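Beneath this line is the structure, given in structure tokens, with notes to follow.
Please read these numbers as outputs of a predicted model, since none were measured by experiment. Residue numbers begin at 1 in each chain, while the letters A, B, ... track the order of the sequences. Just so it is clear, the values below take in all heavy atoms, side chains as well, and ignore hydrogens, waters and symmetry mates.
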2 protein chains.
Amino acid sequence: MTYEQFSKYSFLLDRTARRVKQYAQRKFKQQAFDVTVDQWLVLKNLSESEALSQSELAHLVFKDHPTLTRIIDILCKKGYVARLPHPQDRRSFQLLLTDTGKEKVLELKPQVSEIRQEAWKNLNQDDFNEFKRILDTIYTNLED
Amino acid sequence: MTYEQFSKYSFLLDRTARRVKQYAQRKFKQQAFDVTVDQWLVLKNLSESEALSQSELAHLVFKDHPTLTRIIDILCKKGYVARLPHPQDRRSFQLLLTDTGKEKVLELKPQVSEIRQEAWKNLNQDDFNEFKRILDTIYTNLED
DNA sequence: CAAATATACTTAGTGTAACAACTAATTTTT
DNA sequence: AAAAATTAGTTGTTACACTAAGTATATTTG
């Protein structure tokens, strides 16, 4: 590996991640989803295992606590999520989807899937496996 | 490709890009580089072809104009970059590294390279080629 | 059981990203 | 040459990422 390559992988990675997010966000907006890409990630994960605390959810979506706090704030304000007091621990909340939130997830899931597929044109299953392997390796290489 | 995979590539990509940036940023801070990761990218590109306009530079680093304006603002304030009036076009600037800016680039270049290599442990040249191919494919798939 | 420590979450501050709207200067069109 | 369109850059707004510091509650330790 040469110096130039080392300096480039981070650039390519950042550039592509931004484009992927931007592309999805634009579609989300055009189709009036009423949530951002990150809000969708949180909503979807919550729909798959409800009654999580914010810490548990933060861990699931790999976002830090302050970021998650604010995303939850917004989702509560929009009426998709509710913070219930945790029965045993008064420091924490149980996060629940409201009925509106559940409907939103059901409505958006196939549409998001559609949008996501666009990036994967001209690429196949092997490519995905390679992609995942390399990304995961980088990720764990930089683990604290 | 299944639905689950489509929903996952963007997650893996975003997660890894953030970790790579965060890792580098932490090192930058520990070693008192006095610039952020994004500011470094701009500085480095400027050192490789000076007297660019902001538009040209924005194009090089794949950042949009408002973002670049703000990064340049900071780099000027820190004394690494100067905006000179463009001789032919009064709308635009020529961006130049100051002497301090040039020194900074020379000083940081090997140190940044060192930091960047960390991510690439257990991965080789073939992996890089695959990685680049897939990222570039995704990028162009989502081109406007 | 009181003191120290840890955990859950929030707030504050800085930086970046994207979009929209804006000013000023330049180029094109008619 | 005036009007229209384009280009260069800035400003404003919303949202996210990360760090650090703060509050409140729980848990552990002496």
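Counting to the nearest Å, the P atom of C:dG15 and the CZ atom of B:Phe33 are 17 Å from each other. Between the P atom of C:dA17 and the CG atom of B:Asp14 lies a distance of 13 Å, rounded to the nearest Å. One can place CZ of B:Phe93 at 13 Å from P of C:dT26, the figure rounded to the nearest angstrom. Between A:Gln30 atom CD and C:dA18 atom C1' the separation is 14 Å, expressed in whole Å. Whole-Å rounding puts the B:His65 NE2 to C:dT16 P distance at 17 Å. If you measure from atom CZ of A:Phe28 to atom P of C:dA18, you get 15 Å, rounded to the nearest angstrom. As a whole-Å value, the separation of A:Gln94 CD from C:dA8 P is 14 Å. Between A:His59 atom NE2 and C:dT7 atom P there is a gap of 13 Å when expressed in whole angstrom units.
At a cut-off of 3.5 Å, with distance as the only test, no side-chain donor of A:Tyr23 or B:Asn141 sits close to an acceptor on the other residue. In the model, B:Lys27 has no side-chain atom that pairs as donor or acceptor with a side-chain atom of B:Gln111 under 3.5 Å.
In terms of position along DNA chain C, the nucleotide closest to A:Gln54 lies nearer the 5' end than the nucleotide closest to the other residue of the pair A:Gln22 and A:Gln54. DNA chain C is contacted by both B:Thr67 and A:Thr69; A:Thr69 maps to the nucleotide lying nearer its 5′ end (nearest heavy atom per residue). Nearer to the 5' terminus of DNA chain D, by closest-nucleotide assignment, is the contact made by B:Leu68 (compared with the other of A:Pro66 and B:Leu68).
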Side chain to side chain contact (heavy atoms under 4.5 Å, CB included) assessment of B:Arg83 paired with B:Asp73: CA-CA 9 Å; B:Arg83 282 183 172 113; B:Asp73 284 348; 2.9 Å; yes
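As judged by a 4.0 angstrom heavy-atom cut-off over every strand, A:Ser92 is placed among residues touching the sugar-phosphate backbone only. Among the heavy atoms of the strands lying under 4.0 Å from A:Ile71 are primed sugar atoms or P, OP1, OP2 only; no base atom is included. Counting any heavy atom pair closer than 4.0 Å across all strands shown, A:Gln25 reaches no nucleic acid atom.
Considering CD of A:Glu130 and CG of A:Leu123, their distance stands at 12.0 Å, rounded to 0.5 Å.
Bounding nucleotides for the chain B contact on DNA chain D, 5' to 3', at a heavy-atom distance below 4.0 Å, are D:dT7 to D:dT19.
The environment of A:Glu114 atom CD is sparse: at most 12 non-hydrogen atoms of other residues, nucleotides or ligands sit within 6.0 angstrom.
Ring pair A:Trp120/A:Phe131: centre-to-centre distance below 6.0 Å.
OP1 or OP2 of C:dC9 has at least one side-chain nitrogen or oxygen of A:Ser55 nearer than 4.0 Å. Using a 4.0 Å cut-off, some side-chain N or O of B:Lys63 falls inside it from OP1 or OP2 of C:dA17.
Taking a 4.0 Å limit (strictly below) on heavy-atom distances, residues 73-91 of chain B reaches DNA chain D at B:Arg83, B:Arg91.
Ring planes of B:Phe28 and B:Phe33: tilted class, angle from 30 to 60°.
A distance-only check finds no donor-acceptor pair linking the side chain of A:Thr16 to the backbone of A:Leu13 [under 3.5 Å]. Side chain of A:Gln54 to backbone of A:Phe93: no donor-acceptor contact under 3.5 angstrom is found.
In the set C:dC19, C:dA8, C:dT16, C:dT16 carries the atom at the smallest distance from any side-chain atom of B:Asp38.
For the pair A:Arg18 and B:Phe62, the NZ or CZ position fails the cation-pi test of under 6.0 Å to the six-membered ring centre and within 45 degrees of the ring normal.
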